[in-house]
Amino acid sequence: LELVKGVNEAQRIFDLTSDITRGSLASILYRFSNGEKGLENPFSDVAGDAWYADAVAWAAKTGVVNGKGNNDFAPNDAISRQELAVMLFRYAKLIGMDVKTQAELTKFSDSADVADWAKEAMTWCVGVGILKGTGADLLNPKGTASRAECVVMLSRFIGLLKASARDNKHSKSKEKADVVQTGSAF
């Protein structure tokens with residue numbers, strides 16, 4: 001899918017250990033959606049010629065991102081685990097995925113550190129298995145996510161999306177079979 005690009009394409013360097021930035025995740029989701037180019041950018045800290053400008057403008061228009069306040073997006077800031085969860089949750093809603101599954105976060109000793117604005121997204125990401133603890137019963141919501149951790153979470157997200165598509169296809173096939181068997185669509 002080529003969703004995640006290397007940090008130096010010419011030298012084929014991927015860099016698994018660096019933190020992923022907010023602009024990078026917006027770009028990944030933008031590529032995954034084949035997002036629209038040339039949209040108006042609402043953020044004062046995103047230059048029109050920045051490599052992530054179209055992605056951030058698309059993510060803002062679709063509601064995947066809201067920014068950090070004061071008309072800023074902070075595209076080069078490392079993304080926190082809870083920010084990553086919120087972006088994936090909003091993206092899941094955007095594409096029509098079921099986001100009703102919730103998990104109890106109190107099994108993690110640092111669950112009180114989850115910001116109010118991130119709780120729904122974090123409970124969904126934990127509930128469906130996209131986000132797991134960092135070991136020793138920690139969720140680490142304010143900690144940053146490395147590029148490798150982001151790729152793992154995206155892989156889990158894509159697996160969930162594929163499973164959802166299979167379930168929908170099976171459900172529609174069953175509905176068609178029921179219609180054929182009864183001779184009625186009612």
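Predicted model, so just to flag it, every value in this text is computed and none were measured.
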Note to self: Please evaluate residues Leu138 and Phe108 with respect to the criterion side-chain contact (heavy atoms from CB on, under 4.5 Å), reporting the C-alpha separation (whole Å), side-chain torsions for both, the decisive distance (0.1 Å), and the verdict.
What the structure shows: CA-CA 5 Å; Leu138 294 175; Phe108 299 100; 5.8 Å; no
Check: Can you tell me how far CZ of Arg31 sits from CH2 of Trp58, rounded to the nearest 0.5 angstrom?
Finding: 11.0 Å
Notebook entry, point to check: Got a second to check how far Cys150's SG is from Met87's CE, nearest 0.5 Å?
Noted result: 9.0 Å
Margin query: Please determine whether a side-chain nitrogen of the Lys or Arg among Glu120 and Arg90 lies less than 4.0 Å from a carboxylate oxygen of the Asp or Glu.
Written below: no
Next item on the list: Look only at the side chain of Ser164 and the backbone of Leu160, and say whether a donor-acceptor pair between them is shorter than 3.5 Å.
Entry: no
Checklist line | From CG (Leu84) to SG (Cys125), nearest 0.5 Å | finding: 7.5 Å
Next item on the list: Report the C-alpha distance between Lys132 and Glu149 in whole Å, list the side-chain angles of each, state the deciding distance to 0.1 Å, and finish with yes or no for salt bridge (Lys or Arg N to Asp or Glu O under 4.0 Å).
Entry: CA-CA 10 Å; Lys132 302 187 186 249; Glu149 289 171 316; over 6 Å; no
Margin query: In the structure I gave you, are the side-chain heavy atoms of Asp77 and Lys68 within less than 4.5 Å of one another anywhere?
Written below: yes
Margin query: Determine whether Phe157 and Met97 satisfy the following criterion, side-chain contact (heavy atoms from CB on, under 4.5 Å), listing intermediate values before the conclusion.
Written below: CA-CA 11 Å; Phe157 180 88; Met97 289 178 69; 3.6 Å; yes
Next item on the list: Identify the heavy atoms of Ala121 and Ala85 that sit nearest to each other, and give their distance.
Entry: CB-O, 3.7 Å
Margin query: Show the nearest heavy-atom pair for residues Gly23 and Tyr52, with the distance to one decimal.
Written below: O-CB, 3.9 Å
Next item on the list: Give a yes or no on whether Met122 and Val152 share a hydrophobic cluster (residues Ile, Leu, Val, Met, Phe, Trp, Tyr; joining criterion: side-chain heavy atoms under 4.5 Å apart).
Entry: no
Notebook entry, point to check: At what distance, to the nearest 0.5 angstrom, does CG of Leu88 lie from CE of Met153?
Noted result: 8.0 Å
Item checked: pair Ser18-Arg147: side-chain heavy atoms closer than 4.5 Å -> yes
Checklist line | Side-chain heavy-atom pair Lys37, Tyr30 within 4.5 angstrom cut-off | finding: yes
Note to self: Test your reading of the model: is there a side-chain donor-acceptor pair from Thr123 to the backbone of Lys119, 3.5 Å cut-off?
What the structure shows: yes
Which donor-acceptor pairs under 3.5 Å do side chains of residues 39-51 form with protein atoms, sequence neighbours excluded?
unit_1, atom_1, unit_2, atom_2, d
Asn41, OD1, Phe43, N, 3.0
Asn41, ND2, Val46, O, 3.0
Ser44, OG, Asn71, O, 3.1
Ser44, OG, Asp72, OD1, 2.9
Asp45, OD1, Phe73, N, 2.8
Asp45, OD2, Phe73, N, 3.2
Asp45, OD2, Ala74, N, 2.7

Note to self: Go through it in stages, so that I can follow the logic: the residues are Thr21 and Ile79, the test is side-chain contact (heavy atoms from CB on, under 4.5 Å), and I'd like the CA-CA distance, side-chain angles, deciding distance and then a yes or no.
What the structure shows: CA-CA 5 Å; Thr21 65; Ile79 197 165; over 6 Å; no
Next item on the list: Taking all non-hydrogen atoms of both residues into account, name the closest pair between Lys93 and Val99 and its distance.
Entry: CG-CG2, 3.6 Å
Notebook entry, point to check: Does a side-chain heavy-atom distance below 4.5 Å link Trp117 with Val86?
Noted result: yes
Check: Under 3.5 Å, is there a donor-acceptor pair between the Gln82 and Ser80 side chains?
Finding: no
Note to self: Can a donor-acceptor pair be found, under 3.5 Å and without considering hydrogens, that links the side chain of Ser24 to the backbone of Ile20?
What the structure shows: no
Next item on the list: Check whether any side-chain heavy atom of Lys107 lies under 4.5 Å from a side-chain heavy atom of Asp137, and answer yes or no.
Entry: no
Notebook entry, point to check: Under the 3.5 angstrom rule, does the side chain of Asp110 hit a backbone N or O of Asp113 as a donor-acceptor pair?
Noted result: no
Checklist line | N/O donor-acceptor pair under 3.5 Å between Arg156 side chain and Ile130 backbone | finding: yes
Next item on the list: Evaluate the criterion side-chain contact (heavy atoms from CB on, under 4.5 Å) for residue pair Arg22 and Glu83; output intermediate values, then yes/no.
Entry: CA-CA 8 Å; Arg22 294 168 48 82; Glu83 288 172 328; 3.2 Å; yes
Item checked: Euclidean distance, Leu154 CG relative to Leu29 CG, rounded to 0.5 Å -> 6.5 Å
Next item on the list: Supply the atom-to-atom distance Ile95 CD1 to Thr62 OG1, rounded to the nearest 0.5 angstrom.
Entry: 11.0 Å
Checklist line | Heavy-atom check, side chain of Thr134 versus side chain of Leu139, under 4.5 Å | finding: no
Next item on the list: Quick one: sort the Tyr91 and Phe32 rings into parallel, tilted or perpendicular, breaks at 30° and 60°.
Entry: tilted
